[in-house]
**Q** 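Handing you a structure now.
For the numbers below, each heavy atom of this structure counts, side chains included, while hydrogens, waters and symmetry mates do not.
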Amino acid sequence: MKKFLSLVLAVSMLLTLCSFASADAVQEITYSLYSEPDGIDPSITNNSFASAVLANCFEGLMTYDIETGALICGEAADYTVSDDGTVYTFTLREGLKWSDGTTHDANDYVYTVKRILTPETAAKYVSLATDYIAGAAEYYAGETTDFDTVGIKAPDANTVVITLKAPAPYFPAILAMWTFAPVQQATVEANGDRWTASADTYVSNGPFHMAEINMGESFVLVKNDNYYAADSVKLEKVTLRFITDNGTALMAYESGEIDGMNTVPASDYARLKANDPGFVVSPSYGTTYWEFNCSKAPFDNVLVRKAFNLAIDRTALIEDVLQTDAEPAFSFIAPGYVVDGEDFVDAIGDFDLSDEADVEAAQACLAEAGYPNGEGFPEVTLYYYSSDTVKLVAEALAEMLSSNLNISVKIDVADWAVYYDDIVNLNYELGAMGWSGDYLHPMTYLPLLKTGDPNNNVGYSNPEYDALVEQAASMTDAKAAMEVMREADTLASSDYPFLNLYYKSNTTMMNPKVQSFLIDPTGILYLRTAFVAE
């Protein structure tokens, strides 16, 4: 745990200056999101576009310290861990309330996990419960209907006890994810899946609560006076606007119409980095890649997938197309997890890949796959979601692949909701994607390729890989576990299930007057103590 906390501190980005909220400054900000989330139900969504809402409207047992970035207790006042590392006992803070002023207690955490484990809920992060909590997988699979067999209990209103099926020293960090933030049973049951559609029914427990839901336009959050630490919340209002065109968002930022935005146009990156004091680059525990549909020809052939990886000039993509700060990626697991001074990726090979394209090797792989000089290779569709930045990447990839492999490539685009549904249902060939770690540990990545995992959207399956992931998940020796996880990474990455492009950084624009906010390595914006300085 100490190692984990120090790592979060090392890579977290804290923006706080030695000034104070002015009585004359209006404590309101407007922040732009480049896409409307596909949902804002914390028990269901895994959509990063929803993070600004969920991280500020909800809080679980654990959260992150704004000043240090360290993992700390949230609604839990403290917790203990059993000697064998499997039983976590959390004592809640006194007097917890929902945003509507009603009482909130330990039973809400039990209800929330039960809801996550109900298949009809369609929780996208259900594996975070089934992989770790004792009895959760059996209950979710319908092998038992007795929820008392699941390892989460509320022995009294102020105590939550979670029993794991095996030790997982990083489990408290998982509990900081929005998935395990409590939801109010009364509003969910009274409104069904429409409880998130109206500000009146969107009951939460975090530093802010929903005041307006303007579909297609914005979310408006206001200070939650019923939050246990309401005295530390300075902002009275946060408007989250959806501006899907980065150029339009930048114009709004530079004109003072908005105070911040969570992405920067590639064409303006160098100028803003050099001249704008609101330009913020922070470390990111994330990888940008495209997903192969490994279940569908021609990408069911590992040689084809390798040929595509060899044909990409990652340096040109980063420096010429995106003009950003990034590092070429050959594996899907990003750097940032360190044990005894050694980063996870330090001992990971390059899998015969390089920063620049190796055209000769790419063509040789394609020929070995049965397509000499690209002959007979079917037309490939590069599929991406609406984003001007991803469009640039798609166009560059199409040019590289068609030129270096002598194949026909076309591009298709869809709005996020339609796009993601196609990805989940394997209705694509090569799709734009990426992953920002949900917590600072390789285990946030490894399930992406585990057989049957809800987040495995590439159709990849390898029993040996699955076994290694299972083994590493319960290991208490961090160094030994890292070696097993590296073995799993090497095994899967040698099969090239992803077209890995680069390791990300978080790039944000924020008016320098907005201070004391946190952008963590997963790219989540926390405004719990933020304020507008004079």
Side-chain angles (χ1 to χ4, degrees), residues 30-42 44-54 122-125 178 193-194 196-198 202 210 212-220 239-252 258 261-267 286 288-293 296 321-322 379-398 409-436 448 454-459 498-499 501 504 507 523-525:
T30 298
Y31 191 79
S32 169
L33 306 178
Y34 62 85
S35 180
E36 183 174 6
D38 62 4
I40 52 172
D41 186 328
I44 295 177
T45 189
N46 64 353
N47 188 335
S48 61
F49 302 141
S51 65
V53 174
L54 302 179
K124 294 183 173 68
Y125 275 139
W178 63 68
D193 59 9
R194 299 290 298 169
T196 63
S198 168
Y202 195 71
M210 190 72 71
E212 298 177 28
I213 296 178
N214 304 304
M215 300 304 293
E217 296 181 7
S218 67
F219 295 120
V220 179
T239 300
L240 301 172
R241 282 183 54 187
F242 315 136
I243 305 179
T244 57
D245 180 81
N246 286 341
T248 301
L250 182 59
M251 290 176 60
I258 64 175
M261 54 190 290
N262 65 348
T263 187
V264 174
S267 58
T288 293
Y289 50 75
W290 284 56
E291 296 184 335
F292 292 112
N293 185 345
K296 181 179 179 180
V321 178
L322 296 174
E379 183 179 53
V380 173
T381 299
L382 303 186
Y383 191 28
Y384 75 99
Y385 54 91
S386 300
S387 163
D388 52 355
T389 299
V390 183
K391 179 182 179 183
L392 291 174
V393 174
E395 292 171 346
L397 291 180
V409 180
K410 67 177 183 178
I411 298 174
D412 194 11
V413 61
D415 290 336
W416 173 260
V418 174
Y419 173 81
Y420 189 67
D421 187 64
D422 283 337
I423 293 293
V424 170
N425 290 291
L426 295 176
N427 185 27
Y428 73 99
E429 293 178 315
L430 186 56
M433 197 53 72
W435 192 261
S436 291
L448 297 177
N455 290 304
N456 181 342
N457 300 322
V458 298
F498 300 118
L499 183 62
L501 300 181
K504 299 188 287 186
T507 305
I524 297 177
L525 174 67

**Q** With side-chain contact (heavy atoms from CB on, under 4.5 Å) as the criterion, how do Trp178 and Thr45 come out once you've worked through the C-alpha distance, each side chain's angles and the decisive distance to 0.1 Å?
**A** CA-CA 9 Å; Trp178 63 68; Thr45 189; 3.9 Å; yes

**Q** Taking all atoms of both residues into account, what is the closest heavy-atom pair of Gly39 and Ala50, and its distance?
**A** O-CB, 3.4 Å

**Q** Show the nearest heavy-atom pair for residues Ala249 and Ile243, with the distance to one decimal.
**A** N-CG2, 3.6 Å

**Q** Shortest non-hydrogen contact from Ala52 to Leu33?
**A** CB-CD2, 4.2 Å

**Q** Are Tyr385 and Ile423 close enough, and set up right, to give a side-chain contact (heavy atoms from CB on, under 4.5 Å), and what steps lead you there?
**A** CA-CA 10 Å; Tyr385 54 91; Ile423 293 293; over 6 Å; no

**Q** Measuring from Tyr289:OH to Leu448:CG, what's the distance to the nearest 0.5 Å?
**A**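 One finds 5.0 Å between OH of Tyr289 and CG of Leu448.
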
**Q** Calculate, to the nearest 0.5 Å, the distance between atoms CZ and CG belonging to Phe49 and Asn262 respectively.
**A** 8.5 Å

**Q** Could you pull out the closest heavy-atom pair between Ile524 and Ser51, with the gap in Å?
**A**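 Smallest interatomic distance, heavy atoms only, reads CG1-CB, 3.9 Å.
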
**Q** Are any non-hydrogen side-chain atoms of Trp290 and Val393 less than 4.5 angstrom apart?
**A**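 A side-chain contact exists here, since the closest heavy-atom pair is under 4.5 Å.
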
**Q** Kindly check if the number of other-residue, nucleotide or ligand heavy atoms within 6.0 Å of CG (Asp245) is above 12?
**A**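 Above 12, so yes.
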
**Q** At what distance, to the nearest 0.5 angstrom, does CG of Asn246 lie from OG1 of Thr389?
**A**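 Separation between the atoms: 4.5 Å.
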
**Q** Name the one of Asn427, Asp421, Asp422 that satisfies side-chain hydrogen bond (donor to acceptor under 3.5 Å, both in side chains) with Asn425?
**A**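 Testing Asn425 for a side-chain hydrogen bond (donor to acceptor under 3.5 Å, both in side chains) against Asn427, Asp421, Asp422 leaves exactly one candidate, Asp421.
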
**Q** Does some side-chain heavy atom of Tyr202 sit less than 4.5 Å from a side-chain heavy atom of Val53?
**A**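 Answer yes - side chains close enough.
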
**Q** How would you list, by chain and number, every residue that makes a side-chain contact (heavy atoms from CB on, under 4.5 Å) with Leu392, sequence neighbours excluded?
**A**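 Result, side-chain contact (heavy atoms from CB on, under 4.5 Å) vs Leu392: Ala266, Val321, Glu395.
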
**Q** Working to the nearest 0.5 Å, report the span between CG of Leu430 and CD1 of Ile411.
**A** 11.0 Å

**Q** What are the two closest heavy atoms between Leu426 and Gly459, and how far apart are they?
**A**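 Where Leu426 meets Gly459 most closely, the heavy atoms are CD2-N, 3.9 Å.
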
**Q** Could you note down all residue pairs passing salt bridge (charged side-chain N to carboxylate O under 4.0 Å, His left out) where residues 32-41 supplies at least one of them, sequence neighbours left out?
**A** Asp41-Arg115

**Q** Checking side-chain contact (heavy atoms from CB on, under 4.5 Å) for the pair Ile40/Phe219: CA distance, chi angles, key distance, verdict?
**A** CA-CA 11 Å; Ile40 52 172; Phe219 295 120; 3.9 Å; yes

**Q** Is it true that atom NZ of Lys410 has more than 12 heavy atoms of other residues, nucleotides or ligands lying nearer than 6.0 Å?
**A**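 Result for NZ/Lys410: open.
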
**Q** For the residue pair Val458 and Tyr428, what are the closest heavy atoms and their distance?
**A** CA-OH, 3.6 Å

**Q** Measure the acute angle between the ring planes of Trp416 and Tyr419, then classify it against the limits of 30° and 60° as parallel, tilted or perpendicular.
**A** tilted

**Q** Within the distance-only criterion (no hydrogens, no angle test), does the side chain of Glu429 pair as donor or acceptor with the backbone N or O of Thr381 below 3.5 angstrom?
**A**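 Answer holds: yes.
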
**Q** Please report the interatomic distance CZ(Phe292) to CE(Met433), rounded to the nearest 0.5 Å.
**A**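 Separation between the atoms: 14.0 Å.
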
**Q** Just so I know, are the side chains of Val413 and Lys391 near enough to count as touching, which here means a heavy-atom distance under 4.5 Å?
**A** no

**Q** Would you sort out whether Asn457 and Tyr420 count as a side-chain contact (heavy atoms from CB on, under 4.5 Å), showing the intermediate values?
**A** CA-CA 10 Å; Asn457 300 322; Tyr420 189 67; 4.0 Å; yes

**Q** Find the distance between CZ (Phe242) and OG (Ser218) and round it off to the nearest 0.5 Å.
**A**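 Phe242 CZ to Ser218 OG: 6.5 Å, rounded to 0.5 Å.
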
